Amino acid sequence: MAVAPPSYCFVAFPPRAKDGLVVFGKNSARPRDEVQEVVYFSAADHEPESKVECTYISIDQVPRTHAIVLSRPAWLWGAEMGANEHGVCIANEAINAREPAAETEALLGMDLVRNGHSGLDIPAKSWAASRESSFHKTRI
């Protein structure tokens with residue numbers, strides 16, 4: 001199994017960051033010729049029982065999603081890192097698992113990053129399928 005190159009996140013709080021600001025950042029271990037976008041999505045209201053199309057699967061949509069700014073590879077739905085209108089910052093980190101990935105399509109770690117910013121409910125079966133967590137259900 002190939003080992004993922006390292007990626008690192010950092011945060012600086014006052015007094016290390018000037019003017020009372022918090023600085024959040026992340027390097028990317030993505031291929032250097034992969035297009036990265038910085039995109040903004042407005043807060044939005046959604047129809048009851050609607051779905052959101054993630055990179056490989058669809059999941060239930062919540063009634064309202066937060067405004068978000070994301071850095072992401074252009075080809076996928078998820079994100080490397082970002083922040084929402086409430087100042088919540090989330091980024092992904094590559095991990096090296098001991099078990100092989102499931103053969104079924106599932107949420108990517110980067111989909112979970114975007115879901116976390118948006119305020120989506122992540123059903124337990126989606127968490128388990130992506131091998132990211134063992135929570136029964138969480139509201140990020």
Side-chain angles (χ1 to χ4, degrees):
M1 178 183 328
V3 176
S7 60
Y8 302 99
C9 297
F10 70 89
V11 63
F13 294 100
R16 297 285 185 215
K18 293 183 178 183
D19 301 323
L21 300 174
V22 175
V23 179
F24 176 79
K26 177 190 184 303
N27 74 320
S28 176
R30 304 294 304 172
R32 74 176 84 188
D33 61 343
E34 182 177 67
V35 176
Q36 291 280 322
E37 302 176 324
V38 176
V39 293
Y40 172 78
F41 296 95
S42 301
D45 294 315
H46 304 282
E47 294 295 319
E49 301 193 31
S50 62
K51 300 282 187 182
V52 59
E53 294 287 328
C54 300
T55 304
Y56 296 120
I57 66 169
S58 299
I59 61 173
D60 293 335
Q61 180 64 277
V62 293
R64 181 161 180 80
T65 50
H66 307 305
I68 53 177
V69 62
L70 304 170
S71 173
R72 69 178 193 176
W75 67 272
L76 60 74
W77 181 84
E80 283 259 5
M81 64 176 279
N84 71 20
E85 65 187 287
H86 303 289
V88 175
C89 297
I90 307 172
N92 77 312
E93 295 264 347
I95 61 167
N96 295 305
R98 293 183 204 164
E99 298 178 31
E103 295 293 323
T104 59
E105 292 184 342
L107 289 173
L108 299 177
M110 286 196 228
D111 291 339
L112 297 174
V113 169
R114 181 168 176 175
N115 289 341
H117 287 106
S118 299
L120 294 177
D121 283 330
I122 311 296
K125 64 183 177 186
S126 296
W127 279 97
S130 64
R131 295 187 172 267
E132 296 290 337
S133 178
S134 60
F135 291 107
H136 294 290
K137 185 171 183 181
T138 188
R139 168 84 178 196
I140 300 179

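Treat the numbers as computed from the prediction; the structure is a model and nothing was measured. Side chains are part of it too, since the values below use all heavy atoms of this structure and drop only hydrogens, waters and symmetry mates.
Here the closest non-hydrogen pair linking A29 and S7 is CB-CB, 4.1 Å. Across E105 and Y56, no two heavy atoms sit closer than the pair OE1-O, 3.3 Å. Contact between V23 and A17 at its shortest, heavy atoms only, is CG2-CB, 4.0 Å. When all heavy atoms of S28 and Q36 are compared, the pair lying nearest together is OG-NE2, 4.3 Å.
When the side chains of ILVMFWY residues are joined at heavy-atom separations under 4.5 Å, either directly or via intervening members, L112 and W77 end up in a single hydrophobic cluster. In the hydrophobic clustering of this structure, F10 does not group with M81; members are Ile, Leu, Val, Met, Phe, Trp, Tyr whose side-chain heavy atoms approach within less than 4.5 Å, directly or through other members.
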Validation: residues 82-93 side-chain donor-acceptor distances under 3.5 Å, sequence neighbours left out:
{"residue": "N84", "atom": "OD1", "partner": "H86", "partner atom": "N", "Å": "2.8"}
{"residue": "N84", "atom": "OD1", "partner": "G87", "partner atom": "N", "Å": "3.3"}
{"residue": "N84", "atom": "OD1", "partner": "V88", "partner atom": "N", "Å": "3.2"}
{"residue": "N84", "atom": "ND2", "partner": "H117", "partner atom": "O", "Å": "3.1"}
{"residue": "E85", "atom": "OE2", "partner": "A67", "partner atom": "N", "Å": "2.6"}
{"residue": "H86", "atom": "NE2", "partner": "H66", "partner atom": "ND1", "Å": "3.3"}
{"residue": "E93", "atom": "OE2", "partner": "C9", "partner atom": "N", "Å": "2.9"}

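Under the rule for a side-chain contact (heavy atoms from CB on, under 4.5 Å), the partners of P31 that lie at least two apart in sequence or sit in another chain are D33, E34. Applying the side-chain contact (heavy atoms from CB on, under 4.5 Å) rule to E103 yields no partners; only residues at least two apart in sequence or on another chain are considered. Contacts of T55 classified as side-chain hydrogen bond (donor to acceptor under 3.5 Å, both in side chains), with partners at least two apart in sequence or in another chain: D111. By the side-chain hydrogen bond (donor to acceptor under 3.5 Å, both in side chains) test, S71 pairs with no residue at all, sequence neighbours left out.
Inter-residue side-chain proximity for P14 and V22 is flagged as met; some heavy-atom pair is nearer than 4.5 Å. Taking the side chain as every heavy atom from C-beta outward, S50 and V52 never approach each other to under 4.5 Å.
Apart from V35 itself, the hydrophobic cluster it occupies contains nothing, where clustering links Ile, Leu, Val, Met, Phe, Trp and Tyr at side-chain heavy-atom distances under 4.5 Å. Other cluster members for V39: F41, I68, L70, joined by side-chain heavy-atom distances under 4.5 Å among Ile, Leu, Val, Met, Phe, Trp and Tyr.
The salt bridge (Lys or Arg N to Asp or Glu O under 4.0 Å) pairs that include a residue from residues 65-79 are E37-R72, where partners are two or more places apart or lie in different chains. Applying the side chain to side chain donor-acceptor pair (under 3.5 Å) test to residues at least two apart or on different chains, none of the pairs has a partner in residues 8-19. For residues 43-56, the pairs satisfying salt bridge (Lys or Arg N to Asp or Glu O under 4.0 Å) are D45-R64, K51-D60, with sequence neighbours left out.
Atoms CG and CD, from N115 and Q61 in turn, are 9.0 Å apart once rounded to the nearest 0.5 Å.
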